[in-house]
Amino acid sequence: MTKVVDHIKKANGKTLFSIEILPPMKGQGIQNLFNQIEPLMEFDPKFIDVTYHREEYVYKKREQGLLEKVAIRKRPGTVGICAALMNKFHVDTIPHIICGGFTKEETENALIDLQFLGIDNILAIRGDAIKSESRFTPTPGGHHYASDLIEQITKMNSGNYLNQEVENAFATDFCVGIAGYPEKHFEAPNFHTDLKYLKKKVDLGAEYIVTQMFFDNTKYFAFVDECRAAGINVPIIPGLKSLSTLSQLTVLPSIFHIDLPEDLVAAAEKCKNNSEVKQVGIEWAIAQSKELKEKGAPCLHYYAMTKSDNIVQIAKEVF
Ligand code: FAD
């Protein structure tokens, strides 16, 4: 399959289309996901990212009032879903590989599985703290930062596995993408410290950046300028989300640590119901997309998550 950076090179300046989806909730079949993606295929997405969701802990009541801490995962299956989508739609799929919850050995095994499946692209990220922790805590024997994970992947790309006794080990050939934050990662003390660590990830071998969602293009353009000034020269793919409910006016800033422009908030607040809000979101995303495309963004990456009808409407206008 083709690496993201090669898709961008081949496009020769044309803006590409890509999407990001969530694995279905545990217990649901894959058909719904196929149905969600099918209408987007006519716009020729060059790759589909599949997010990864860590375990959460719940307390279950047991006899004599005892509570048992049980780990549950609501959306398992990232790698399997990538393989299924790849076979069904003949499209490149990108699993998100996270640090949290994995030892380095488990990560190595996951990477070996990806290589067997012919999946050459990975988005390497740290992951967030689980709900029961106040801050991200690395798994014992696992990675602390995305940069550590990238280092492991880069070593495998040169044939260096954790267990040096592995003989005749294949050098993998993964193209590694990373996350970037035009409005700063929420834990970083300031924008430039965050940028320093972003550069570290690129220096360690990351080949492209996908941004956190933003609703104000000036933030993306300023981010690209700051990255270039800091010597980060890899493609920076803007991540876009279409606002779809009134509650997202507060939910999105609290989860993703981003600002929503006043004009967008005012337009959404005037709506009588969520279907009107959704339309406002679509129109906003179309305007954002058209400007990003005009100014040469390498690819527009849409956070479709579990729905696609709004992305179909946007793609019809933009691609
Ligand atoms: P890092 O690059 O490790 O940075 C985390 C923080 O530590 C930053 O504040 C950074 O400035 C700082 N830092 C980095 N390196 C160092 C260092 N060496 N020393 C000190 N400080 C350092 N989460 C999921 O759980 N699953 C997903 O599928 C998923 N997909 C995502 C896709 C995209 C495009 C984006 C933007 C985010 C995604 N996330 C996902 C969320 C992501 O896991 C969180 O934002 C997480 O808090 C940070 O991940 P990171 O890879 O940016 O971390």
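Atoms within a ligand are numbered from 1 in the order they appear, just like the ligands themselves. All residue numbers in this chain count up from 1 along the given sequence.
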For ligand 1, which atoms sit closer than 4.0 Å to a heavy atom of [X]?
| X | result |
| --- | --- |
| Ala188 | 9 (O), 11 (O) |
| Thr51 | 28 (O) |
| His185 | 5 (C), 6 (C), 8 (C), 9 (O), 45 (O), 46 (C), 47 (O), 48 (C) |
| Leu123 | 32 (C) |
| Gln212 | 36 (C) |

Please state which protein non-hydrogen atom is closest to [atom] and give its distance, to 0.1 Å?
| atom | result |
| --- | --- |
| atom 38 (C) of ligand 1 | Ile125 CD1, 4.1 Å |
| atom 36 (C) of ligand 1 | Ala179 CB, 3.4 Å |
| atom 53 (O) of ligand 1 | Arg126 CB, 3.3 Å |
| atom 17 (C) of ligand 1 | Tyr197 CE2, 3.2 Å |
| atom 45 (O) of ligand 1 | Tyr181 OH, 2.7 Å |
| atom 47 (O) of ligand 1 | Asp128 OD1, 2.5 Å |
| atom 11 (O) of ligand 1 | Asp194 OD1, 2.6 Å |
| atom 25 (O) of ligand 1 | Tyr52 O, 3.6 Å |

Next on the checklist: What verdict does the side chain to side chain contact (heavy atoms under 4.5 Å, CB included) test give for Ile314 and Ser242, after you've listed the backbone C-alpha separation in whole Å, the side-chain angles of each residue and the deciding distance to 0.1 Å?
Outcome noted: CA-CA 9 Å; Ile314 297 162; Ser242 183; 3.8 Å; yes

Does an N or O from [X], backbone or side chain, lie closer than 3.5 Å to an N or O of ligand 1?
| X | value |
| --- | --- |
| Thr193 | no |
| Lys201 | yes |
| Phe186 | no |
| Tyr303 | no |
| Glu20 | no |
| Thr211 | no |
| Gly127 | yes |

Checking side-chain polar atoms at under 3.5 Å, does [X] have a donor or acceptor matched by the opposite partner on [Y]?
| X | Y | value |
| --- | --- | --- |
| Asn157 | Thr154 | no |
| His96 | Thr51 | no |
| Asn35 | Gln31 | yes |
| Ser289 | Tyr302 | yes |
| Ser158 | Asn160 | no |
| His257 | Glu183 | no |

Checklist entry - Hey, is His301 one of the residues with a heavy atom under 4.0 angstrom from ligand 1? => result no

Item to check | Verdict with supporting geometry, Lys307 and Asp309, salt bridge (Lys or Arg N to Asp or Glu O under 4.0 Å) | outcome: CA-CA 6 Å; Lys307 301 218 167 55; Asp309 55 323; over 6 Å; no

Checklist entry - Leu204 pairs by side chain to side chain contact (heavy atoms under 4.5 Å, CB included) with which of Ile178, Leu149, Ile150? => result Ile150

Any ion pair linking [Y] and [X] (charged N to carboxylate O, less than 4.0 Å)?
| X | Y | result |
| --- | --- | --- |
| Lys10 | Asp6 | no |
| Lys46 | Asp44 | yes |
| Lys60 | Glu68 | no |

Next on the checklist: Looking at Tyr161, I'd like to know if the NZ or CZ of Lys155 sits under 6.0 Å from its six-membered ring centre while staying within 45 degrees of the ring's axis.
Outcome noted: no

Checklist entry - Any non-hydrogen protein atom below 4.0 Å of atom 30 (N) of ligand 1? => result yes

Next on the checklist: One residue to check: Lys200. Relative to ligand 1, which of side chain, backbone, both or neither has a non-hydrogen atom less than 4.0 Å away?
Outcome noted: side chain

Item to check | Derivation and outcome, side chain to side chain contact (heavy atoms under 4.5 Å, CB included), residues Glu226 and His192 | outcome: CA-CA 9 Å; Glu226 291 275 7; His192 285 98; 3.1 Å; yes

